[in-house]
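Letters A, B, ... are given to chains in the order of the sequence lines, protein chains preceding strands, and every chain is numbered from 1. Remember, predicted model here, so these are calculated numbers, not experimental data.
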Amino acid sequence: MTLILDPDEPAGWREAPHRADTADDPLTAGLNPQQLEAVEYRGPALLIVAGAGSGKTRVLTHRIASLIQRREAWPSQILAITFTNKAAAEMRERVEALLGEGASGMWISTFHSACVRILRREAESIGLSSTFTIYDSADTRTVLKRIIKQLDADTMGFTPASAQAKISKLKNELADVESYARNANLNDPQEVMFLEIFRQYTRRLREASALDFDDLIAETVYLFRAFPKVAALYQRRFRHLLVDEYQDTNHAQYALIRELTRPVERAIVDELDAHGVLVRGLVDERGEIPGASLTVVGDSDQSIYAFRGADIRNIVEFERDFPGASVVLLEQNYRSTQNILSAANAVISNNFDRKDKKLWTADGDGDQIVGYTGYTAHDEAQFVVDEIEALHRAGTAYRDIAVFYRTNAQTRALEEIFVRSAVPYRVVGGTKFYERAEIKDAMAYLIAVANPLDELALRRILNTPKRGIGPATETAIATFAEQNELTFRQAMRSAGELGLGPKVTGAINALADVLDEAAAMLVPSQAGIEAGTNEGASKVSDVLVFLMERSGLLDALRNSRDPQDETRAENVEELVAQTRDFDRENPQATLVDFLTQVSLVAAADELDDASGTVSLMTLHTAKGLEYHAVFLTGLEEGLLPHQMSATEPGGPAEERRLFYVGITRARKRLYLSLAMSRAQFGEVAVAMPSRYLQEIPEGLIDWKQSPGMATSRGGTQPRALNARRGQGGGASGGAWGTRGRDLERFSVTKNAGAKTEWANRVTGTVRDNGDLTLEPGDRIRHADFGEGRVSQVTGEGTKRIAHVSFDTAGAKKLLIKIAPIEKL
DNA sequence: AAGGCGCTACTTTTT
DNA sequence: GTAGCGCCTT
């Protein structure tokens, strides 16, 4: 274990010599009173409740800069946690700009990056290789798939996805196999089976020296709890912790913060002292190092990650958690127009159990919000692109425009229209470069070299490119490894003892040789080893090129008859180019550094400010960003709120926050759009306007085409969507499509009087009759119209329409798929 | 062992 | 609409 983290770090830190409050001080100039308070407050704990666009990044950077400039802290004593790597890089730049100098030694990173850094340093303490692999969700799934198959657990209803979700949830709560086993009901076969899956999963990752995303946080907490002396090194070092987006921290992250801000006991202080760790100047009168100061910034209205364990209580109960905590409220908004803020305020006020908070601006109302209802997703996309082109003609740069949506699947229609219209765009996140099969293959070669214990990586490349090593051979190696207590890699070296054919044996040996040679390239020179640097080791790009050429992967792609393989080869070349960039920008970095960086890129990290393109992204990815013009698309029941959220406790409220986050990303122009029908699982389904649209006060939205217009094709008056917003029942989320009962209106009713059906109704889920078949002569019962006889059926698939003469209500036309009917 | 064909089930959001 | 799986043939 490393005892001295920063040998050249000056001893101790002094109290602030002065408090410069001059208007010229760049650290305080132009801040409003609340911001100033948040920058200058000193104490053990500070909560900054920062509404959207209230300048929290500014406050954080100024706070850090003031700590350093006033000599209250050295840069190395700062640990700032941001949500993305891009935000971290930005924050560092801004702090350095304020200071007018570099601030090296400062840790500004994401939770995950910080934990990896700590874990690689301290890996030995917890029996991990310092070159441990980080498994992404796909890797986790692959491992679980194998385990479930082996245990025949699918017969008990387990899927890789379900097991993955459950394991992730447990780890976010800091539960491990043992603690889960203690509380498990062992009479429940389902639970026993899950326990076995969990146990094997944990064992396999251990054996591969691999950690999944959740482990990165949890293992760091375990490390600190099990090794107080190791924890003390970090508790001593980081005197100021600043955590952004605190509302989205989960329990494990909260525990990590608690560990890092814990005081160091006297006995451990003395021990550190004896080992030469500088502690003088840090200890208090009792000989302890007091806990680090903690600053958290967050907004419970923007909590959108409950699904991955984010616990809103962390921020709500902050003052109780950290006695002596101060709270600063930032409500003044510097980003958006008042119209946009009024819409946001109105929407979010429908959530219960929240501290009332109203964003306001001094900058005026601005333009009206623009609304549009398309007939289809393509129609909607066309509207978006048309408006973008209009904005562009009027002088807005493409890069200042963003299009948001709830699910990644929604990009398809948007992309088609963007391509057709030749508007430059970029999908942020989504199908990532590093998720492509050929890139994962190439990365698996690098991983197999960096971490020979990683069986998953080895098995991935074993027969990629095809070298005649099939499943049977793979199993033979795995079995041999297990029986002889060897790693998979070692078993490969013993291929000769497996009784395989000479061709297969040769192929395995050849692969093992290539990996060995690549590993040799990574060993630093003697001088490098002595200096503790990476000197003399081959560059990442050279190792990758060596592996791609010697393994035959690149040749196989180039010489393939499959036309898609040409693109795949280009992608591999692109990866090589990326490693060259990495080598150039990080001359001291190792292969493991490269692998780490790739593992931890967030969707928003891909954003390139210099690109002249419109950005397309999910609402989740949009958090923390802002654009001149924002398009919120797919504002439909089932999409926002998403169908899947309906059953989750707190689901609809979280979806509302997601909508709120989307609205508040817009500076000047906000567009809200939806489609009346949307294709899902390849079939067209009817879509209802999102209940949240109704929560926006009348007059804020200028509907170019309102749901009412799009619906009653008989030509009713253009009418604000929420014109009949009624009776104060808004909070219950009244909306149009109650169980699809007004669908007959959508489908055909020519009667303009049908608009009475636009009354607010409590929304349930959209009804779905599946492929209920009706034929002329069938009798049916309708929820509202009673019994009737089908006279005719027209249309195809989901758009089949039944023409019914009701016994009392007369003739009606119904969309069979979703009308509230049953066959008698 | 590998490639091709056809069936099915999926679609929330992410580090 | 498609990715992924299983079954088929070569």
inquiry  = It should be established whether A:T621 places a side-chain nitrogen or oxygen under 4.0 Å from OP1 or OP2 of nucleotide B:dT13.
reply    = no
ask   = In whole Å, what is the span from the CD atom of A:Q410 to the P atom of C:dG1?
value = 17 Å
query = Taking protein heavy atoms under 4.0 Å as touching, what does nucleotides 2-11 of chain B look like 5' to 3' if B marks base contact, S marks sugar-phosphate-only contact and - marks none?
reply = SS------BB
request  = State, without any angle test, whether A:T249 and A:N314 hold a side-chain donor-acceptor pair at a distance under 3.5 Å.
outcome  = yes
Nucleotide B:dT15, atom P - distance to CD1 of A:I304 in whole Å = 11 Å
note = Separation of B:dA1 atom P from A:I508 atom CD1, nearest Å, is 10 Å
Given A:F307, A:F83, A:Y405, the one that forms ring-ring contact (aromatic ring centres under 6.0 Å, His included) with A:H620 = A:F307
query = Are A:R146 and A:Q150 close enough that a side-chain donor and a side-chain acceptor fall under 3.5 Å?
reply = no
message = Are B:dT13 and A:F307 stacked, with the base six-membered ring and the side-chain ring centres under 5.5 Å apart and planes under 30°?
response = yes
key: Per A:N408 side chain, nearest of listed nucleotides B:dT12, B:dT14, B:dT15   = B:dT14
ask   = Which residue, A:T618 or A:E474, contacts DNA chain B at a nucleotide closer to its 5' end, judged by nearest heavy atom?
value = A:E474
message = Assess, by modelled atom type and distance only, whether the side chains of A:Y246 and A:D299 contain a donor and an acceptor separated by less than 3.5 Å.
response = no
ask   = Just how far, in rounded Å, is P of B:dT15 from CD of A:E435?
value = 10 Å
query = To the nearest Å, how far apart are A:K169 NZ and B:dT12 C1'?
reply = 15 Å
query = Do the charged groups of A:K440 and A:D139 touch, with an N to O distance under 4.0 Å?
reply = yes
inquiry  = For a quick check of understanding: with a heavy-atom distance under 4.0 Å over all strands, which category does A:F83 fall into, base, sugar-phosphate or nothing?
reply    = nothing
task = Using a heavy-atom cut-off of under 4.0 Å over every strand shown, decide if A:A679 touches base, sugar-phosphate, or nothing.
result = nothing
request  = Could you state the atom-to-atom distance from NZ of A:K440 to P of C:dG4 in whole Å?
outcome  = 12 Å
task = Would you indicate, yes or no, if B:dA1 has its OP1 or OP2 atom less than 4.0 angstrom from a side-chain nitrogen or oxygen of A:T473?
result = yes
task = Would you mind classifying the nucleic acid contact of A:K145 as base, sugar-phosphate or nothing, using non-hydrogen atoms under 4.0 angstrom?
result = sugar-phosphate
key: Atom-pair distance (CZ on A:R436; C1' on C:dA3), nearest Å   = 15 Å
task = With P as the reference atom in both, quote the distance from C:dG4 to B:dT13 in angstrom, rounded to an integer.
result = 15 Å
inquiry  = Can you confirm whether the side chains of A:R656 and A:Y660 place a donor and an acceptor under 3.5 Å from each other?
reply    = no
query = Do A:F224 and A:Y234 have ring centroids that are under 6.0 Å from one another?
reply = yes
inquiry  = Whole angstroms only, please: what is the CD-C1' distance between A:E245 and B:dT14?
reply    = 14 Å
